[in-house]
Amino acid sequence: MRYPKNMRDFAKRQKLGRHLLPFIGDWLSAKHFGLIRDALLDDEDVEVAFEARFQPANAFQSEAGKESKEVVKWRTTKGYYAFGVTNRQRLIYAHWRPFHHTVESIRFDRMTDVKISTSVFMGRTRVGTLEDDFYLYYFSGTIKRIGKVLQTVAFEKRVVEFE
């Protein structure tokens, strides 16, 4: 997939997350996925696309080095990122804001750990890399699917096949 609309539709069709803001959620999703399209190399395509809430792990560290219990706010534009797993073994994630865009990528071999933690309704996945760790938050069923995709990427160094 090379087009933002296709990436957004793939994520919705496979139940891999979407932006929860009413009215402008689809527009923001297209903006996030548009940044991923711009970050692709010439011969690179997105195989799996998804959306989730993103937080760096150091945002949840207290001064004593323990994780703090911070509540995630869902109905906001802050923190929603688009993710793309490419055929060139990269995980690209992007967040669009006016006048300040964030696009980063991680090679599959730099990912060290993926831990899935769910409750009745919500869940999170902690992704460990050689540089820094980050959390992805969404509903439990979706976070389980996203976590399985990322575990396959991190440990088997391959992309999960979808229909």
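Sequential numbering from 1 along the given sequence is applied to the chain's residues.
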L28 vs Y80, side-chain contact (heavy atoms from CB on, under 4.5 Å): CA-CA, chis, key distance, verdict: CA-CA 9 Å; L28 282 171; Y80 281 97; over 6 Å; no
Salt bridge (Lys or Arg N to Asp or Glu O under 4.0 Å) pairs touching residues 129-145, sequence neighbours excluded, are R110-E131, R126-D133
Within the 4.5 Å heavy-atom criterion, are L40 and R2 side-chain neighbours or not? yes
Within a strict 4.5 Å, meaning less than it, do heavy atoms of the Y3 and D9 side chains meet? no
Before giving the answer on salt bridge (charged side-chain N to carboxylate O under 4.0 Å, His left out), spell out for R88 and D43 the whole-Å C-alpha distance, their side-chain angles and the decisive distance to 0.1 Å. CA-CA 8 Å; R88 297 281 306 267; D43 58 344; 2.7 Å; yes
Measure the shortest side-chain to side-chain distance between F10 and L16 over non-hydrogen atoms and say whether it is less than 4.5 angstrom. yes
Counting N and O atoms only, with roles assigned by atom type, does the side chain of S140 sit under 3.5 Å from a partner on the main chain of S119, one being a donor and the other an acceptor? yes
Tell me which pairs pass ring pair (Phe, Tyr, Trp, His ring centres under 6.0 Å) where either residue lies in residues 35-56, with sequence neighbours left out. F50-F83, F54-Y81, F54-Y93, F54-F134
Please tell me if the side chains of V85 and V46 come closer than 4.5 Å, counting only heavy atoms from C-beta onward. no
Smallest heavy-atom separation, P4 atom then A30 atom, equals CB-O, 3.6 Å
Pair R158, T152 - check side-chain contact (heavy atoms from CB on, under 4.5 Å), show working. CA-CA 6 Å; R158 68 177 178 86; T152 305; 3.8 Å; yes
Checking T129 side chain against M111 main chain: does a donor-acceptor pair fall under 3.5 Å? no
Any sub-3.5 Å donor-acceptor pair from N87's side-chain atoms to D45's backbone N or O? yes
Side-chain contact, heavy-atom cut-off 4.5 Å: D109 with Q89? no
Return yes if some donor-acceptor pair links the side-chain N/O of E44 with the main-chain N/O of L41 below 3.5 Å, else return no. yes
Hey, could you give me the CZ/CZ distance between R8 and R18, rounded to the nearest 0.5 Å? 11.5 Å
Please find the pair of heavy atoms, one from I146 and one from A52, that lie closest to each other, and give the distance. CD1-CB, 4.3 Å
For G17 and A11 the tightest heavy-atom approach is O-CB, 3.7 Å
The side-chain hydrogen bond (donor to acceptor under 3.5 Å, both in side chains) partners of R107 (sequence neighbours excluded) come to none
For A39, all residues meeting side chain to side chain contact (heavy atoms under 4.5 Å, CB included), sequence neighbours excluded: I92, V103
Are F99 and L35 grouped together when hydrophobic residues (ILVMFWY) are joined by side-chain heavy atoms under 4.5 angstrom apart? no
Option passing side-chain hydrogen bond (donor to acceptor under 3.5 Å, both in side chains) with D26 (candidates K12, K31, K5): K12
Measure across I36 and G84 and return the closest heavy-atom pair with its distance rounded to 0.1 Å. CD1-N, 3.8 Å
First locate atom OG1 of T125, then atom OH of Y135, and finally report the distance between them rounded to the nearest 0.5 Å. 11.0 Å
List the residues meeting side-chain hydrogen bond (donor to acceptor under 3.5 Å, both in side chains) with D38, not counting sequence neighbours, and say none if there are none. none
Spell out, as yes or no, whether a donor-acceptor pair under 3.5 Å connects the side chain of T142 to the backbone of Y138. no
Could you tell me whether H101 and H95 have their ring centroids closer than 6.0 angstrom? no
Within-4.5 Å side-chain heavy-atom neighbours: F139 and M122: yes
Worked check of side chain to side chain donor-acceptor pair (under 3.5 Å) between E51 and S29: CA-CA 8 Å; E51 266 189 296; S29 294; 2.8 Å; yes
Can you see which heavy atom on A154 is nearest to which on V114, and at what distance? CB-CG2, 3.9 Å
Side-chain contact, heavy-atom cut-off 4.5 Å: H100 with T102? yes
Could you note down all residue pairs passing salt bridge (Lys or Arg N to Asp or Glu O under 4.0 Å) where residues 113-123 supplies at least one of them, sequence neighbours left out? D113-K115
When you look at NZ of K157, are more than 12 heavy atoms from neighbouring residues, nucleotides or ligands closer to it than 6.0 Å? yes
Decide whether F155 and I143 are clustered together by the hydrophobic rule: side chain heavy atoms of Ile, Leu, Val, Met, Phe, Trp, Tyr closer than 4.5 Å, transitively. no
Could you tell me whether the side chain of H32 reaches within less than 4.5 Å of the side chain of H19, counting heavy atoms only? yes
